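One structure below.
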Amino acid sequence: MRIFTSGSTHAEQETFFAEEAAYPAWQYASDQGLPVCMQMRVAGCRFSKPSSSGFPRCAFCSITSPAPKLPTAAVPVRGAALALAKYPTVYLKLTHRPIEQSVKGQSTTEAFLGKAVSEFGAERICWGSNFPAAKPPLPELIEMARKALSFLPQRDQDHIFFKTALALYPALAPASRHSGARANGSAQGAAR
């Protein structure tokens with residue numbers, strides 16, 4: 001299930017997902033083992049705590065992007081987004097936006113992504129192309145992510161590019177396709 005609470009087409013951060021009226025949807029997702037991918041800004045992280053802590057069987061994948069033009073791009077990751085790392089069912093979806101923004105200000109991509117990996121672990125980070133909504137073509141998105149994550153050990157890269165997606169969405173990966181995902185660069189469709 002995907003919940004859109006903020007993004008390029010909707011600047012305001014919605015909070016409806018944290019309201020009691022939304023709890024039946026969270027309960028259903030938890031009961032069914034249905035992953036929930038929630039697109040939100042860093043500001044929405046503080047509202048996601050009831051959702052992520054109250055439904056322990058619900059895999060909760062959030063998209064968090066640092067705000068551009070900050071003195072240090074890693075600042076938001078150290079704050080609200082990383083506070084969610086203590087919830088074992090919360091995963092981060094890594095898209096091109098945080099990669100592009102991580103080099104603004106005084107931070108580096110390695111510092112930004114390294115902090116996210118150290119807090120969440122690569123097993124709880126999932127790359128997603130956001131194709132076709134993302135403006136860069138898919139090959140450029142893949143290359144951007146590969147370059148940004150090249151400082152990590154291959155095991156961590158494998159988790160981020162396909163193993164985490166396969167853990168969240170096992171129906172997408174019959175045994176014969178596991179090695180193919182690495183060979184072509186990612187689990188492109190799994191984490192959109």
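Source: prediction; values computed, not measured.
- Shown here for Ala111 and Thr108, the closest heavy-atom pair between the two residues is N-OG1, 3.0 Å.
- In Phe151, the CZ atom is crowded: over 12 heavy atoms of neighbouring residues, nucleotides or ligands sit closer than 6.0 Å.
- In summary, Arg124 and Glu119 do not engage in a salt bridge, as defined by a charged side-chain N under 4.0 Å from a carboxylate O.
- Take Glu100 and apply the salt bridge (Lys or Arg N to Asp or Glu O under 4.0 Å) test, not counting sequence neighbours, and it matches no residue.
- No side-chain heavy atom of Thr95 sits less than 4.5 Å from a side-chain heavy atom of Trp127.
- A heavy-atom distance below 4.5 Å is found between the side chains of Val117 and Ile160.
- The two residues Ala122 and Thr164 have their closest heavy-atom pair at O-OG1, 3.1 Å.
- The nearest pair of heavy atoms linking Ala148 to Thr109 is CB-CG2, 3.5 Å.
- Side chain of Glu123 to backbone of His159: no donor-acceptor contact under 3.5 angstrom is found.
- Legend: residues meeting side chain to side chain contact (heavy atoms under 4.5 Å, CB included) with Ala134, ordered by chain and number and at least two apart, are His96, Asn130, Pro136, Leu141.
- Taking the side chain as every heavy atom from C-beta outward, Tyr91 and Leu168 approach each other to under 4.5 Å.
- Nearest heavy-atom pair across Ile99 and Ala145 is CD1-CA, 3.9 Å.
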